[in-house]
Engineer: 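Below is the structure I would like to discuss, written out as structure tokens.
Order of the sequence lines fixes the chain letters, A, B, ..., with proteins taken first and strands second; residue numbering starts at 1 for each chain. Everything numeric here is computed off the predicted structure, so don't read it as measured data.
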Amino acid sequence: MDDLLSSLNPAQQEAVKHYEGPALVVAGAGSGKTRTVVHRIAYLLRERRVYPGEILAVTFTNKAAGEMKERLAKMVGGPSKDLWVSTFHSASLRILRVYGEYVGLKSGFVVYDDDDQSALIKEILKELELEAKPGPFRAMLDRIKNQGRSLSEYLGEAPDFIGGVPKELAGDIYRRYQSGMRSQGAVDFNDLLLLSIQLFEEQPAVLAKIRQRARFIHVDEYQDTNPVQYKLTKLLAGENPNLLVVGDPDQSIYGFRNADINNILDFTKDYPGAKVFRLEENYRSTDAILKVANAVIEKNALRLEKVLRTVKTGGEAVRLYRAPNAREEAAFVAREVVKLAQYPETAVLYRTNAQSRLLEEHLRRAGVPVRLVGAVGFFERREIKDLLAYGRVAVNPLDGINLRRIVNTPPRGIGANTVAKLVEHAQKSGSSVLQALRQAESVISRPQQVQAFVEMLDSLIETAFESGPAQFFEQVMDAIGFREALKQELDGEERLQNIEELLRAARDWEEEEGGSLSDFLDSVALTAKAEEPQKGEALPEESVTLMTLHNAKGLEFPTVFLVGLEENLLPHRNSLNRLEDLEEERRLFYVGITRAQERLYVSYAEERETYGKREYSRPSRFLDDIPEDLLKEIGAFGDTSVPVLAYTRPEPKAKTVLSDFKGGERVKHPRFGQGTVVAALGGEVTVMFPGLGLKKLAVKFAGLEKMD
DNA sequence: ATAGGGAAATTTTTT
DNA sequence: ATTTCCCTAT
């Protein structure tokens, strides 16, 4: 019991000892956040005699959930098996697999990914004979569902045209999408959460049951929750919320996915009596790097005050390289990386995926093995999706989207015309596509191929019932002669390897998790961005890591390169207009800085090609936020004379508060009413008034009053 | 059924 | 520049 606390600092200890009631743990970068949560759970078990079956911990990624489970298993042993550690989405899916029928779900429902979603929208557009792209409508769907709003609410505020069609028609698309999803027994990611909420609201008995299973709730990365996740949390937490959330508003970087930073900023108002713990001791980075990070993030208004203190002292100044163009920038990175010769300890981070190409090229040319994270996900490859589609249909024959995907893959003489006729027949008779296929005889003139396909499908459906995913996919491979078909193709060899990889994954999964094909598909659906299985020579443990800033959150590296620090790139051009967006860009920069343990490089290119057009850029405004004495420009061939910061007592910097107001504060204006301070700069504050938008006000004249 | 041309579209994206 | 999609021609 003592070891639970003795390895922690005082702030962490306080958080760990928290028992009942709501609590907010503001955990700065590298402050031992996961560690604190893990210890807290262990403490509940050991000291408070809470049952493991009463504890829920929610994370955003499967990776984070997996890590937490692992650490808990190490710490508490066997009882960790009964803990519920999961992502929002898997937790919801698990609940809906049991209680889904209460909210109208059919038992074999499948989870649609982005591709499936687009496919359905495309189909609807065709039905309505519209010549529009699915993109804007998917965005509309996301916005409505991420915010948990109703269609009419959304349409009320929407512009008159969406994706080039009148908004009333767009609303029609939305309705058709929803009913299409339901009739083929499909849900999308958002539905998982929304339907869980609906279930809880309509079935108090179910909610009560789940609440027993979640008497103590932990939510990680709370700054990234969207309104729906917020609501789900609130519902689960109930009247007497034993809810502990952990997060860092300064690392909120998913606003574009409707994450709402106010969820964490307002936590103490939302949950009166909430205790607040601040973890400000940083174990990751040198003093120099932390000073830079603090100086940068201080410029944001929308935050909770927090100053990271260093544990490591000293450190080297940030190295800045100014490149004449993006090519030279990449060449510079490659040279430095080779010189440092610590590949696995090095990461190169960028704002957009498009930047990775040049970097990868130059690094490889310099003989550096590269690990590219998150480019094209394994499960997004066409051949993989094809094979998975067979599984989805076998599990849920109502799934018309996936059925159409496989009906002529590989080609078996069921062409577009045939399919169109059959689909039309299905729609007219109000039956599923599969049923139409079964009735092919009466619909088309040459039904042999279709009949053969249906026969094969029936046998696959049988296999799906009887055996696990590995055997199922093997049978599919045989039945459709996929190996032979792929060998004909140009890059068939590589794709075949991917398939072998999937088969292996299925076998591994059966061994480790075990379960039906349906369970396997669930886990695939919720782990779409799984670690890329290695391909080719380089092992990850010998490679330099390349990824976007978003992907870097939660990771750390001794050496970090932040490239492309240019206006219009970081901050990104689409984020320049709104202050909130600009602050999110700054947080992205902050996240990048705080990934570095020892050494940080920043660079920008004065010229780069964007979409094939040459562009000239100014250096990023964020570079101005780095204190001069902590930034050292180096030349084309590096520079060894980087000043080293002498030991300094880590004294919290005085905040430059020129007005009396702080970001996040609630205020009242005589004319505009209540609002939230977004920014305070000098004698000027920017306040967000609900319904009115942002207003810039002079403190002197505005007559603002603070509210509690 | 499929190759090949041409137009359009390119921020980030935990699930 | 490059990728992706859609149409047309074969």
Engineer: For B/dT15, does OP1 or OP2 lie under 4.0 Å from any side-chain N or O of A/Ser90?
Structural biologist: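 No, because none of the side-chain N or O atoms of A/Ser90 sits under 4.0 Å from OP1 or OP2 of B/dT15.
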Engineer: Given B/dT15, B/dT14, B/dT12, identify the nucleotide with an atom nearest to the side chain of A/Phe256.
Structural biologist: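 Taking heavy atoms from C-beta onward, the closest nucleotide is B/dT12.
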Engineer: Answer yes or no: is there a donor N or O on one side and an acceptor on the other, between the side chain of A/Asp142 and the main chain of A/Ala139, under 3.5 Å?
Structural biologist: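 Between the backbone of A/Ala139 and the side chain of A/Asp142 there is no qualifying donor-acceptor contact (under 3.5 Å).
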Engineer: Does any pair with a residue in residues 408-422 of chain A pass salt bridge (charged side-chain N to carboxylate O under 4.0 Å, His left out), and if so which ones, sequence neighbours excluded?
Structural biologist: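 Output for this query is empty, none listed.
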Engineer: I want to check something: taking the side chain as every heavy atom from C-beta on, are A/Phe60 and A/Thr225 in contact at a cut-off of under 4.5 Å?
Structural biologist: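 Sidechains of A/Thr225 and A/Phe60: in contact.
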Engineer: Taking only the side-chain heavy atoms of A/Thr61 (C-beta and beyond), determine which of B/dT13, B/dT10, B/dT14 contains the nearest atom.
Structural biologist: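 So the nucleotide nearest the side chain must be B/dT14.
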Engineer: Looking only at atom C1', what distance separates B/dT14 and C/dT3, rounded to whole Å?
Structural biologist: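 That atom pair is separated by 25 Å.
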Engineer: Of the nucleotides B/dT11, B/dT13, B/dT15, which has the atom closest to the A/Asn574 side chain?
Structural biologist: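 My answer, after comparing the listed nucleotides, is B/dT11.
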Engineer: With sequence neighbours excluded, tell me which residues meet side-chain contact (heavy atoms from CB on, under 4.5 Å) with A/Thr61.
Structural biologist: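 Partners of A/Thr61 under the side-chain contact (heavy atoms from CB on, under 4.5 Å) test: A/Lys63, A/Ala64.
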Engineer: In whole Å, what separates the P atom of B/dT13 from that of C/dT4?
Structural biologist: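 Straight-line distance between the two P atoms is 15 Å.
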Engineer: Pick the closest DNA chain B nucleotide for A/Asn408 and for A/Lys553 by heavy atoms, then say which residue is nearer the 5' end.
Structural biologist: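 The residue closer to the strand's 5' end, by nearest nucleotide, is A/Asn408.
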Engineer: Please classify the nucleic acid contact of A/Asp224 as base, sugar-phosphate, or nothing, using heavy-atom distances under 4.0 Å.
Structural biologist: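 Base contact.
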Engineer: In whole angstrom, give the distance that lies between atom CD of A/Glu615 and atom P of B/dT10.
Structural biologist: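 In whole Å, B/dT10 P and A/Glu615 CD are 16 Å from each other.
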Engineer: Quick one: is A/Asn62 getting a side-chain N or O under 4.0 Å of the B/dT15 phosphate, OP1 or OP2?
Structural biologist: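 Yes, within the criterion.
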Engineer: I'd like a table of atom pairs between the protein and nucleotides 3-10 of chain C - only N or O on both sides, under 3.5 Å - with the distance next to each one.
Structural biologist:
| residue | atom | partner | partner atom | Å |
| --- | --- | --- | --- | --- |
| C/dT3 | OP1 | A/Arg357 | NH2 | 2.8 |

Engineer: How many Å lie between CG on A/Leu96 and P on B/dT15, as a whole number?
Structural biologist: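 The distance from CG of A/Leu96 to P of B/dT15 comes to 18 Å, rounded to the nearest Å.
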Engineer: For A/Glu609, which residues count as a salt bridge (charged side-chain N to carboxylate O under 4.0 Å, His left out) partner, sequence neighbours excluded?
Structural biologist: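 In terms of salt bridge (charged side-chain N to carboxylate O under 4.0 Å, His left out), with neighbours along the sequence ignored, A/Glu609 is linked to no residue.
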Engineer: Please enumerate all residues that pass side-chain contact (heavy atoms from CB on, under 4.5 Å) together with A/Gln251, with sequence neighbours excluded.
Structural biologist: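 Once residues adjacent in sequence are excluded, the partners of A/Gln251 under the side-chain contact (heavy atoms from CB on, under 4.5 Å) criterion are A/Ala29, A/Gln223, A/Asp248, A/Lys553, A/Tyr590, A/Val591, A/Arg595.
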Engineer: Would you mind reading off the distance between A/Asp113 atom CG and B/dT14 atom P, rounded to a whole angstrom?
Structural biologist: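 Taking CG of A/Asp113 and P of B/dT14, I get 12 Å after rounding.
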Engineer: Run the salt bridge (charged side-chain N to carboxylate O under 4.0 Å, His left out) test against A/Asp220 and tell me which residues pass, sequence neighbours left out.
Structural biologist: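 Partners of A/Asp220 by the salt bridge (charged side-chain N to carboxylate O under 4.0 Å, His left out) criterion, ordered by chain and then number, come out as A/Lys33.
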Engineer: Starting at CZ of A/Arg351 and ending at P of B/dT12, how long is that distance when rounded to a whole Å?
Structural biologist: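 Interatomic distance, CZ of A/Arg351 to P of B/dT12: 7 Å.
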Engineer: Take atom CG of A/Leu192 and atom C1' of B/dT14, then tell me their distance rounded to the nearest Å.
Structural biologist: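 So the CG-C1' distance, A/Leu192 to B/dT14, works out to 14 Å.
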Engineer: Under 5.5 Å centre to centre and under 30° between planes: does that hold for A/Tyr254 and the six-membered base ring of B/dT13?
Structural biologist: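 Taking the rule of under 5.5 Å and under 30°, the ring of A/Tyr254 does not stack on B/dT13.
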Engineer: Where the side chain of A/Asn402 meets the backbone of A/Arg405, is there a donor-acceptor pair that is under 3.5 Å apart?
Structural biologist: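 No.
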Engineer: Distance check needed: B/dT11 P versus A/Asn577 CG, whole Å only.
Structural biologist: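 Taking atom P of B/dT11 as the reference, CG of A/Asn577 is at 15 Å.
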Engineer: Report the distance from atom CG of A/Asp142 to atom P of B/dT13, rounded to the nearest whole Å.
Structural biologist: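 So the two atoms are 15 Å apart, to the nearest Å.
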Engineer: May I ask you to say what A/Phe88 touches in the nucleic acid, namely base, sugar-phosphate or nothing, with a heavy-atom cut-off under 4.0 Å?
Structural biologist: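 Contact class for A/Phe88: none.
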Engineer: Are OP1 or OP2 of B/dT14 and a side-chain N or O of A/Asn226 less than 4.0 angstrom apart?
Structural biologist: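 No, A/Asn226 has no side-chain N/O under 4.0 Å of OP1/OP2 on B/dT14.
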Engineer: From C-beta outward on A/Phe189, which listed nucleotide comes closest to its side chain: B/dT15, C/dA1, B/dT14?
Structural biologist: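 My answer, after comparing the listed nucleotides, is B/dT15.
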Engineer: Report yes or no: is the ring centroid of A/His550 under 5.5 Å from the six-membered base ring centroid of B/dT12, with the two planes under 30 degrees?
Structural biologist: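 Not stacked: fails the 5.5 Å / 30° test.
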Engineer: Output the rounded distance in Å from NE2 (A/His89) to C1' (B/dT13).
Structural biologist: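 Atom NE2 in A/His89 sits about 12 Å away from atom C1' in B/dT13.
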Engineer: Output yes when at least one side-chain N/O atom of A/Asn551 is less than 4.0 Å from OP1 or OP2 of B/dT13, else no.
Structural biologist: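 Yes, A/Asn551 has a side-chain N/O under 4.0 Å of OP1/OP2 on B/dT13.
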